[in-house]
Q: 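This is the structure I have questions about; it appears just below.
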Amino acid sequence: MNFRYRPTVQEERPLAADDRRRFACARRACLRLVCFALAVFVSFSSALAEPRTDNLWWAPPNFTTGGAQIDAILNFIFWLTLVVFIAVQGVFIVYLVRYRRRPGHRAYYCHGNNLLEIVWTSIPVLIFLGLAIYSNRLWAELHSDPPADALQVNVSAFQFGWDFRYPGADGKLGTVEVEKISNENKFGVVETDEAGKDDFTSTELVIPFGKPINILLNSRDVIHSFYVPFFRLYQDAVPGRTISWVWFKVERPGNFELACSQLCGTGHYNMKAPIRVVSQEEYDKWYAGKVQAAATAKAQEESASTEVAAK
Ligand code: CUA
């Protein structure tokens, strides 16, 4: 078979003046389009980054121990991909330029090289296997059982907001059952469990830093999502389930916002709750105040009900 390159008559025709004009026009349109896309990209990315003041082009600063490990794997994959991207595109461009169509140069056809095929298939396979093992182990570590000294907080998502329930003076959170969740019993508290009698609720999540926090997550209506980018945490709240495996340790104080990350209805945009990470002393003070308030409210309720009974 003869693969000799035979230029067609049309290709040899020199560019006419109107052809050249058309090319210039297309090039200008293309340039305009690229400029427009760049402008859109720049203005939108700054709009998205508005609530943040630093690290605008990357993930927000991390505040948790587990988050540092997630960042490590993310950075590793990013740099690995970047190196591969530059290498592949570099070779591609070199070949494009070096073997471009030129008069007097004939195309060369070959049927591949088995050794090369094996090498460039095995290297990515090994890399992907390594990454799969590495990330799987990290996943298992981050989803291991929470430490025994973890502070348990019940988080209940609803259309459109968040409620938090803390263990009372006994330090133990009362049992919850999702079947019991209703408008009156927002967390599905089991009434017969004595440990739940002194629990109190809050509309903000206040936690001490340096202490493991274990959240018990449930939803009263549709799927919501517990999302805190600064903690590298993302967990859906699913109706009918109590998700108990999420735990994290925040390393330094700060004020954050818990924002739902599943499109859950018309009020989704406004489904937020403040998260305050404070020192242990500050937390103890807040906690004591809350326990006290809960006890007072309960005493008032009891005396009111005995009054009603007396009448
Ligand atoms: Cu809840 Cu979006």
Side-chain angles (χ1 to χ4, degrees), residues 146 150-208 212-228 231 233-248 255-278 283 286-305 308:
L151 165 68
Q152 273 196 330
V153 184
N154 197 176
V155 179
S156 179
F158 64 95
Q159 280 174 321
F160 296 96
W162 303 90
D163 274 316
F164 308 99
R165 191 171 63 99
Y166 283 77
D170 62 354
K172 269 172 70 183
L173 207 53
T175 326
V176 287
E177 277 173 17
V178 282
E179 296 80 17
K180 293 197 187 300
I181 291 179
S182 66
N183 282 339
E184 293 73 42
N185 190 350
K186 297 193 290 188
F187 294 90
V189 176
V190 179
E191 305 283 347
T192 48
D193 185 6
E194 286 300 316
K197 293 269 191 279
D198 57 356
D199 293 350
F200 64 84
T201 61
S202 167
T203 50
E204 57 172 355
L205 181 61
V206 181
I207 49 177
I213 312 295
N214 174 210
I215 60 169
L216 302 181
L217 187 61
N218 56 40
S219 165
R220 284 182 230 161
D221 32 49
V222 299
I223 300 176
H224 302 277
S225 191
F226 187 95
Y227 178 46
V228 192
F231 297 177
L233 257 186
Y234 191 117
Q235 175 62 54
D236 279 358
V238 185
R241 286 178 75 179
T242 299
I243 286 150
S244 57
W245 58 76
V246 178
W247 72 272
F248 55 95
N255 289 316
F256 309 95
E257 188 174 70
L258 171 59
C260 174
S261 193
Q262 288 287 359
L263 191 55
C264 53
T266 50
H268 160 75
Y269 76 97
N270 205 21
M271 187 169 164
K272 299 180 274 194
I275 301 180
R276 277 200 297 129
V277 181
V278 296
Y283 172 76
W286 174 83
Y287 182 77
K290 281 293 210 178
V291 168
Q292 185 59 48
T296 316
K298 200 159 181 233
Q300 274 169 354
E301 197 182 300
E302 265 161 24
S303 69
S305 62
V308 169

Q: Do Asn214 side-chain atoms and Val153 backbone N/O form a donor-acceptor pair below 3.5 Å?
A: no
Q: Sort out for me which residue in Ser156, Pro239, Ser182 forms a side chain to side chain contact (heavy atoms under 4.5 Å, CB included) with Arg220.
A: Ser156
Q: So, for Gln152 and Pro167, which heavy atoms are closest and what is the spacing to 0.1 Å?
A: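 Here Gln152 and Pro167 meet closest at O-CD, 3.2 Å.
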Q: Classify the ring geometry of Trp286 against Tyr166: parallel below 30°, tilted from 30° to 60°, perpendicular beyond 60°.
A: perpendicular
Q: Check Phe231 against Ile207 and note the closest heavy-atom contact, atom names and distance.
A: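 Looking at all heavy atoms of both residues, the closest pair is CE1-CD1, 4.5 Å.
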Q: Whether the side chain of Asp198 engages the backbone of Ala295 through a donor-acceptor N/O pair (distance < 3.5 Å, no angle test) should be reported.
A: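 No, the answer is negative, given that no donor and acceptor are paired below the 3.5 Å cut-off.
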Q: Which pair of heavy atoms, one from Asn218 and one from Phe187, lies closest together, and at what distance?
A: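 Between these two residues, the closest heavy atoms are ND2-O, 3.9 Å.
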Q: Could you state the interatomic distance from CG (Leu151) to CD1 (Ile215), rounded to the nearest 0.5 Å?
A: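 Rounded to the nearest 0.5 Å, the CG-CD1 separation comes out at 11.5 Å.
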Q: Are the side chains of Phe164 and Leu205 in contact, using a 4.5 Å heavy-atom criterion?
A: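 Yes. Closest side-chain heavy atoms under 4.5 Å.
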Q: Less than 4.5 Å apart, any side-chain heavy atom of Asp199 and any of Leu173?
A: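 SC-SC contact between Asp199 and Leu173 confirmed.
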Q: Could you walk me through whether Phe226 and Val155 pass side chain to side chain contact (heavy atoms under 4.5 Å, CB included), step by step?
A: CA-CA 9 Å; Phe226 187 95; Val155 179; 4.1 Å; yes
Q: Verify, without hydrogens or angle tests, whether Asp170 (side chain) and Lys172 (backbone) share a donor-acceptor contact under 3.5 angstrom.
A: yes
Q: For Gly267 versus Phe160, what's the shortest heavy-atom pair and its separation?
A: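 Looking at all heavy atoms of both residues, the shortest contact is N-CZ, 3.3 Å.
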Q: Side-chain contact test, heavy atoms from C-beta onward, threshold under 4.5 Å: evaluate it for Asp163 versus Thr201 and give yes or no.
A: no
Q: About how many Å separate CD1 of Ile275 and CD1 of Ile213, when rounded to the nearest 0.5 Å?
A: 10.5 Å
Q: Could you tell me the separation between the CG atom of Asp221 and the CD atom of Gln159, rounded to the nearest 0.5 Å?
A: 4.0 Å
Q: To the nearest 0.5 angstrom, please state how far the CE atom of Met271 sits from the CH2 atom of Trp162.
A: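 Separation between the atoms: 4.0 Å.
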Q: Rounded to the nearest 0.5 Å, what separation is found between the NZ atom of Lys272 and the SG atom of Cys260?
A: 12.0 Å
Q: Please tell me if the side chains of Val176 and Arg165 come closer than 4.5 Å, counting only heavy atoms from C-beta onward.
A: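 When only atoms from C-beta onward are counted, Arg165 and Val176 do touch, with a gap below 4.5 Å.
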Q: Looking at CG of Asn185 and CD of Glu177, how far apart are the two atoms once the value is rounded to the nearest 0.5 Å?
A: 10.0 Å
Q: Please report the closest heavy-atom contact between Tyr234 and Ser261, naming both atoms and the distance.
A: OH-O, 3.3 Å
Q: Under 3.5 Å, is there a donor-acceptor pair between the side chain of Tyr287 and the main chain of Gly168?
A: yes
Q: Would the distance check show the side chain of His268 and the main-chain N or O of Gln262 forming a donor-acceptor pair, the cut-off being under 3.5 Å?
A: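 Such a contact is found between His268 side chain and Gln262 backbone.
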Q: How far apart are the closest heavy atoms of Thr242 and Val178, and which atoms are they?
A: OG1-CG1, 3.3 Å
